[in-house]
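The structure appears below as structure tokens.
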Amino acid sequence: MVENNGVELSEAEAEQYDRQIRLWGLESQKRIRSSKVLIIGLSGLGAEIAKNIILSGVKSVCLLDNEKLKETDLHSQFLAPSDKIGENRAETSLQRARALNPMVEVTAETKAVEALPDSYFGTFDVVCATGLKQEQLERINNICRDKTNKFLCGDVWGMFGYMFADLFDHEYSEEIVQHKAVKRGPDDSEKNARETVTINVKRRAIYVPLQNALSADWTKPELRSRLRRGDPSYFVMKILLRFRDEYNRNPDPAKRKSDTEILLRMRDELVKELNLPVGFVSDAILTDVFGIVAGAAAVVGGVIGQEVVKAVSQREPPHNNMFFFNPVKCVGFVELYGQ
């Protein structure tokens, strides 16, 4: 749980965040203002996440990336200037990121994830990870769970994207609208008139770690029944993560033909492993997962940014625990409680 630690907003901050304060309350904005966020991976998706979180008014944002800016990044990465190709993606994104909201401290870290100790990740209230291998994601997720901090991760491949959230044991408040019967007059014994009353209800959500979500047993009847909905997004995500783990990269548009063949082979292996229906993961879905489409990064980055704000402000129900952007099968989210 993020505490406000006695934070008081200045007049300038109160004016800057006036709309947000009216939307979810002063205490929630104070919690946001107390939060330190780490964003790993400054691809087009990482840039979208950074933009949304910085504009929300957190205390600080650290951009972590050891990759160099490439020409292909410029199709979706709007924080890095085009004349900075070959320089570090986090450092080249700093100037524009800071300009989004001067009230937020924005820094850069250029070390690789594997070069940083566990204690480093535990210093942040929220960690948002993109572009990492599954083992790295699980490592950071477990560190956050040990510190009871929030962890989110996600990626975009072409037009396909996902988000996973592990908020551990999360408490939040939700506004509920109720209709209350009232008398129409002082001498009226009937209660036919009704008035609307809004109340705040405290709720709690328990999350599972990424490791559990990715190893869910799809032979269980309660999960098997979901296959009838016909959405293969979860399995597309697993295929793409497996590709990155094995080849240490994402599917390359310059190697579209050979990489598509690899993806289809991995699809066939996964279908056999999990005893999925033949054709459940279509060829078409796996031919549109190259590069990063800016529109898809904006959608997924918007969702992740919104979930971070909800998590630290402790207002409104968060996703528990996966969101998918699949243009072939539309947008939705999957719950994997207690797996």
Side-chain angles (χ1 to χ4, degrees), residues 45 129-142 151 153-166 207-293 296 300 319-339:
L45 175 59
T130 71
L132 299 182
K133 294 182 177 180
Q134 182 174 332
E135 182 180 4
Q136 294 172 320
L137 293 172
E138 292 178 357
R139 173 204 168 198
I140 297 171
N141 186 190
N142 290 333
F151 171 83
C153 64
D155 265 298
V156 169
W157 296 271
M159 281 292 291
F160 176 85
Y162 87 95
M163 178 210 73
F164 169 83
D166 178 10
Y207 286 72
V208 299
L210 179 65
Q211 183 176 358
N212 291 28
L214 292 180
S215 60
D217 184 359
W218 287 87
T219 63
K220 291 184 176 180
E222 61 269 25
L223 289 182
R224 201 73 188 173
S225 64
R226 297 184 183 183
L227 298 181
R228 291 194 289 271
R229 301 176 187 174
D231 184 2
S233 297
Y234 172 88
F235 306 101
V236 175
M237 173 197 66
K238 286 180 68 71
I239 293 166
L240 290 164
L241 287 174
R242 181 176 295 187
F243 185 100
R244 180 183 293 159
D245 286 349
E246 291 192 17
Y247 293 90
N248 199 31
R249 61 178 176 85
N250 291 329
D252 188 345
K255 303 176 181 179
R256 184 178 293 269
K257 183 178 179 181
S258 59
D259 281 0
T260 299
E261 292 175 354
I262 294 171
L263 289 167
L264 294 176
R265 172 180 58 79
M266 290 181 169
R267 184 272 313 272
D268 294 341
E269 293 171 353
L270 187 69
V271 166
K272 186 176 181 180
E273 289 171 14
L274 301 180
N275 193 27
L276 301 176
V278 175
F280 187 69
V281 182
S282 69
D283 292 4
I285 294 177
L286 294 174
T287 58
D288 196 20
V289 292
F290 293 84
I292 296 179
V293 175
V300 179
H319 275 336
N320 191 349
N321 49 14
M322 284 188 166
F323 167 88
F324 297 104
F325 182 71
N326 183 341
V328 177
K329 290 290 184 179
C330 80
V331 177
F333 72 95
V334 176
E335 299 165 302
L336 292 170
Y337 296 106
Q339 296 303 317

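The shortest distance between side-chain heavy atoms of Asn248 and Lys133 falls below 4.5 Å. For the pair Val289 and Ile239, the minimum side-chain heavy-atom distance is 4.5 Å or more.
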Hey, mind stepping through Phe325 and Met159 against side-chain contact (heavy atoms from CB on, under 4.5 Å) and telling me if it holds?
CA-CA 8 Å; Phe325 182 71; Met159 281 292 291; 4.1 Å; yes
For a side-chain contact (heavy atoms from CB on, under 4.5 Å) check, start with the C-alpha distance between Asp288 and Val293, then their side-chain angles and the critical distance, and finish with the verdict.
CA-CA 10 Å; Asp288 196 20; Val293 175; 5.6 Å; no
If you apply the rule side-chain contact (heavy atoms from CB on, under 4.5 Å), what do you find for Asn320 with Tyr207, and how did you get there?
CA-CA 7 Å; Asn320 191 349; Tyr207 286 72; 3.4 Å; yes
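Distance alone, capped at 3.5 Å, places no donor-acceptor pair between the Arg267 side chain and the Ile262 backbone. Of the possible donor and acceptor atoms, one in the side chain of Asp245 sits under 3.5 Å from a partner among the backbone N and O of Gln134. Judged by distance alone, with hydrogens and angles left aside, the side-chain atoms of Asn141 form no donor-acceptor pair with the main-chain N or O of Leu137 at under 3.5 Å. At distances below 3.5 Å, at least one donor-acceptor pair connects side-chain atoms of Asp259 with backbone N or O atoms of Asp252.
Aromatic pair Trp157/Phe243: centroids not less than 6.0 angstrom apart.
A donor atom on one side chain and an acceptor atom on the other are found under 3.5 Å apart for Asn326 and Ser233.
Checked for salt-bridge contact, Glu269 and Arg265 meet the test: a charged N lies under 4.0 Å from a carboxylate O.
The aromatic rings of Tyr234 and Phe324 sit perpendicular to each other, their planes meeting at more than 60°, with 30° as the lower class boundary.
Residue-environment remark: CD (Glu135) stays at or below the threshold of 12 foreign heavy atoms within 6.0 Å.
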